[in-house]
Amino acid sequence: MARYNAKETEEKWQKAWRERQTFAVETDPKRPKYYVLEMFPYPSGKLHVGHVRNYTMGDVVARYKRAQGFNVLHPMGWDAFGLPAENAAIASRVHPKAWTYANIAVMREQLQRMGLAYDWRREIATCHPEYYRHEQKMFLDFLAQGLAYRKESWVNWDPEENTVLANEQVIDGRGWRSGALVEKRLLAQWFLKITAFAEDLLQALAGLTRWPERVRLMQENWIGRSEGARVSFALAGRGDTLEVFTTRPDTLFGAAFCAIAPSHKLAEELARGNADLADFIAECNRMGTSEAVLEQAEKKGFETGLTAVHPFDGSELPVYVANFVLMEYGSGAIFGCPAHDQRDLDFARKYRLPVVPVVLPPGEDARRFAIADTAYTDEQGTAFNSGFLDGLPVIAAKRAAVKRLEDLGSGQGTVAWRLRDWGVSRQRYWGCPIPVIHCGACGIVPVPERDLPVLLPEDVSFDEPGNPLARHPTWKHARCPRCGSAAERETDTFDTFFESSWYFARFCSPRSARAFERHDVDYWLPVDQYIGGIEHAVLHLLYSRFFTRALSACGYLDLKEPFAGLFTQGMVCHETYRDAQGNWLFPEEVRRDADGRVGDAQGRPVTVGRNEKMSKSKKNIVGLETIVGAFGADTARLYLLSDSPPERDLEWTDEGIEGAWRYVNRLWRLVTEPALPLAPPGAALPAALPPALDRLNRAVHRTILDVTSDLDQFRFNRAVARIRALTNAIEEIDGAPRGAGAVLRFALETAVRLVAPMMPHLAEEMWQALGHKEMLADAPWPAADAALAVEDTVTYAVQVNGKLRATIQLARGASREAAESEALKHEAVKRAMNEKQARKVIVVPDRIVNVVV
RNA sequence: GCCCUGGUGGCGGAAUUGGUAGACGCGCUAGAUUCAGGUUCUAGUGACCGAAAGGUCGUGGAAGUUCGAGUCUUCUCCAGGGCACCA
């Protein structure tokens, strides 16, 4: 029995696709387009099987849509700037550029051996000057439009990576990559004004109907819109006011104090004349907001001695500097209403401030209602103890309070956002230089367009910590473009999310002298189907949405949403192994004996850990070479698609990949050693078929419909199951009645065409074996006859009182009466009815008969 | 604390969207092929009772709606993920 030779076959068809440029595409407005894109990888070294799941899914979509007649853009490139390259340079004295390009070469080769249908002519690497020069220009345009600015602010400093991080890159108070506790530092940094689009970024989420609900929710939470009011409290004895943000203007009569953030400018002003306050502020800054939460949520305040005048009743409230007030949110100042906010209540108890309830919960008695340890934060209830607001439900009270504030000139309704501007400066080498020059006389001067790109110098050293650009002997010295005097270049580089925020547009015109050509992006964008990990739900995906809007504002594009459809795939997991010393072991270093005990090569015991996402650090990875070498790319692709729904995690097992390999061979044998002679290609089916053949013929039509709808819905595991079921049906054919050769050919050819997006090499080889000269990659998607996709007899389930008692066969479309009488005749039904009369019989045509007794 | 997502055989998962629960696969059992292992082939495989025919139970748990519930409603338990001094 001939085994399928995966290695030879895959090389053969990869060469054929490459030589014929099968997947090369051009802008062609006369044809319908489809742009499918997988999140491009960071070239970190070698790919393992965990990396390629999403590329496989993208490839299935690309090949399927291509077969359906779309002009399919399916490109691949490299998100090539980033910190690991610098770490490699420090650890092994390789230049980041050399390291990156070497990795790209390895990974490109690996991807090509997976048989992915990319237009490789469009390959891009973001570390190439022909790529990053365009984002320098974009930055200058953002600057001109007021969408980029520089300001000194408290930023997240990652002490391990020696650089600033964006808010989105801080997870639980730690750097998203290093895991180091993030510190607060006051630094002058470049920001992109993502907040200018906050409202639109939020509103437009509703239109992203082909995005996963949870990604939209995460972005919604991240943007964090809160309606409320800005309230001005006059500071007694001073001419100025304190601006406060609240979402509960209805509770203003319950105010017991005001509090400002430690970094509020009023706090800083007061601290200059007050050493104790200065100490308190220093202590707060040391704590770092998120660490404090983890330790203990103790509310601490420092009484400033100032008092704030209540805009409604003129009472005076003490003003504190408090550790729980954030400068970054609202206005960095609050009024405290202890009865209706838990933090304010804790604070009030500690500093013995009055607790006056002003919202009466439904059913409570106004004379008796009091607050103990728990603030009443629900918005159910009516205002009381609140002057002109008394008796109003919370929502109406909010409106009335805002109206009064506006009439008094003491405030106004407003909206606060959780979203903050995107800090893009990084104190790192391997990134895109920020194209500005600092001049002693002129200040910050953009690098003129004619001087772009600002090239990253290559002669740098990583002998000392810190940014090599900042200590480069010559690079940073420049002439001021405006006055010509000696000046310094900006030595920070862009956050690498800058590159990935527009690469999908570059793929449309990858070799253009401009960032991209309008006629190309107008045709290809938005991306029809984007595929990637959920970990970018608020990072890359939010930045790209912002960038698309910012580029449109600068005239580059006419588009808001870059990704019309988004699919977030699950991870590939594998068991983890550790030896007695706690060192991680690779799966191939581990063996299992007959009793299921797990040991290493020398038989020493190994602890099996839980299934986790494949990662280099835990060594629970399976190399792509190992798998592709042993079983071929198609087997790996089939397994990655078939065992779990794509959005869920997939557990990689040896048994699973072997099962896929068995199927590859089974299908191969079925086609190359058919049970009976096939009719010649293109032979017509006889008009009337014997029952067994008719059933198979109908099964083929139904499979086409099912697989098509499964692929449309990203249900790859189900599509595989349907094709396997069809294979089973084909195998059941025996004997050679009239027409068998023609039906068998039709069934086999259809199976081959349906698996082609998943196992393209095998499918091409089988297609050829079936006598076809043209490539399957150029063949259209099979069409089904819907009338033939159903059986002409149907199986009814017959229930008595809702319990299944029998099944009966009837012609499709049989009358209710026929179904009922046939059901009642059945022995098992009679038995279950136990001599009783049917009180009622429910018939669902072609489906079920339920006899109620 | 708040917000998601999920809970179906030994395992991964299906279920025409309220109509035969367990498709398809993995694993396992028995048999055939083979010197042997692997491969391949045949049969079986939710649990319980039964020799069988057949019956009873069964989709985390409890209640409800319905002729009929994995699917709808209410409550509840568990697991995973996200957010969190956001005023």
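On a predicted model such as this, the values are computed, not experimentally measured, just so you know. The analysis underlying the following values was restricted to heavy atoms, covering all of them including side chains, and did not include hydrogens, waters or symmetry mates. To find a chain, count down the sequence lines: A is the first, B the second, and so on, and within it residues start at 1.
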Under 4.0 Å, counting only non-hydrogen atoms across every strand here, what does A:E655 touch: a base, just sugar-phosphate, or nothing? sugar-phosphate
Distance, rounded to the nearest Å, where A:E379 contributes CD and B:rA87 contributes C1': 12 Å
Rounded to whole angstrom units, what separation is found between the CD atom of A:E612 and the P atom of B:rG81? 10 Å
For B:rU34, glycosidic torsion class - syn if within 90° of 0, otherwise anti: anti
For A:R248, what residues pass the side-chain contact (heavy atoms from CB on, under 4.5 Å) criterion, not counting sequence neighbours? A:T246, A:D250, A:T251, A:V359, A:E379, A:V394, A:K398
Go through B:rA84, B:rA14, B:rU20 for me and flag the one nearest to the A:R715 side chain. B:rA14
Taking only residues two or more places apart in sequence, or in another chain, which ones meet A:E612 in a salt bridge (charged side-chain N to carboxylate O under 4.0 Å, His left out)? A:K618
For A:V844, which contact category applies under a 4.0 Å heavy-atom criterion: base, sugar-phosphate, or nothing? base
Verify, without hydrogens or angle tests, whether A:Q342 (side chain) and A:T374 (backbone) share a donor-acceptor contact under 3.5 angstrom. no
Apply salt bridge (charged side-chain N to carboxylate O under 4.0 Å, His left out) to A:E822 and list each qualifying residue two or more places apart in sequence or on a separate chain. A:K825
Rounded to whole Å, how long is the line connecting atom CZ of A:F324 with atom P of B:rC85? 13 Å
If you look at every strand shown and take non-hydrogen atoms under 4.0 Å, does A:T795 touch a base, only sugar-phosphate, or nothing? base
Can you name the residues that form a salt bridge (charged side-chain N to carboxylate O under 4.0 Å, His left out) with A:R343, not counting sequence neighbours? A:D341
Give a yes or no answer on whether the side chain of A:R225 reaches the backbone of A:E199 with a donor-acceptor pair at less than 3.5 Å. no
Quick check for you: among B:rC85, B:rC41, B:rC83, whose closest atom lies nearest to any side-chain atom of A:R343? B:rC85
Between atom CD1 in A:I723 and atom C1' in B:rA14, what is the gap in whole Å? 16 Å
Whole-Å distance separating the CD1 atom of A:I260 from the C1' atom of B:rC85: 17 Å
If you only use heavy atoms from C-beta on, which nucleotide in B:rU20, B:rC86, B:rC85 is closest to the side chain of A:Q799? B:rU20
Do any N or O atoms of the protein come closer than 3.5 Å to N or O atoms of nucleotides 2-8 of chain B, and which pairs are they?
none

Nearest-Å distance for atom pair CG/C1', residues A:L667 and B:rU40: 16 Å
Who passes ring pair (Phe, Tyr, Trp, His ring centres under 6.0 Å) against A:F253, sequence neighbours left out? A:H310, A:F312, A:F388
Base orientation of B:rG9, chi within 90° of 0 counted as syn, else anti, reads syn
Close side-chain approach of A:L541 and A:W211, heavy atoms under 4.5 Å: yes
Sub-3.5 Å pairs of nitrogen or oxygen atoms, protein against nucleotides 23-25 of chain B:
residue : atom : partner : partner atom : Å
B:rG25  : OP1  : A:N728  : ND2          : 3.4

When every nucleotide of nucleotides 46-57 of chain B is labelled 5' to 3' by its protein contacts under 4.0 Å (heavy atoms), B for base, S for sugar-phosphate only, - for none, what sequence of letters results? --------SSSS
Nearest whole Å is fine: how far is B:rC41 P from A:E732 CD? 13 Å
A:Y796: ring pair (Phe, Tyr, Trp, His ring centres under 6.0 Å) partners, not counting sequence neighbours: none
Restricting to ring pair (Phe, Tyr, Trp, His ring centres under 6.0 Å), what partner residues turn up for A:F324, sequence neighbours left out? A:F347
Hey, are A:R698 and A:D792 close enough for a salt bridge, meaning a charged N less than 4.0 Å from a carboxylate O? yes
Write down the distance between CG (A:D706) and P (B:rA14), rounded to a whole number of angstrom. 15 Å
Correct closest heavy-atom pair for A:M57 and A:F716 would be CG-CE1, 3.7 Å
Inspect the surroundings of CD in A:Q380 and state if more than 12 heavy atoms from other residues, nucleotides or ligands are less than 6.0 Å away. no
Check every atom of B:rG13, B:rU20, B:rC86 against the side chain of A:T807 and return the nucleotide holding the closest atom. B:rU20
The ring pair (Phe, Tyr, Trp, His ring centres under 6.0 Å) partners of A:F280 (sequence neighbours excluded) come to A:F302
Quick check on B:rA87: is either OP1 or OP2 less than 4.0 Å from any side-chain nitrogen or oxygen of A:S226? yes
Watson-Crick and G-U pairing of RNA chain B written in dot-bracket, each distance under 3.5 angstrom, with | for inter-strand partners: (((((((..(((......[....)))((((((.......))))))((((....))))..(((((..]....))))))))))))....
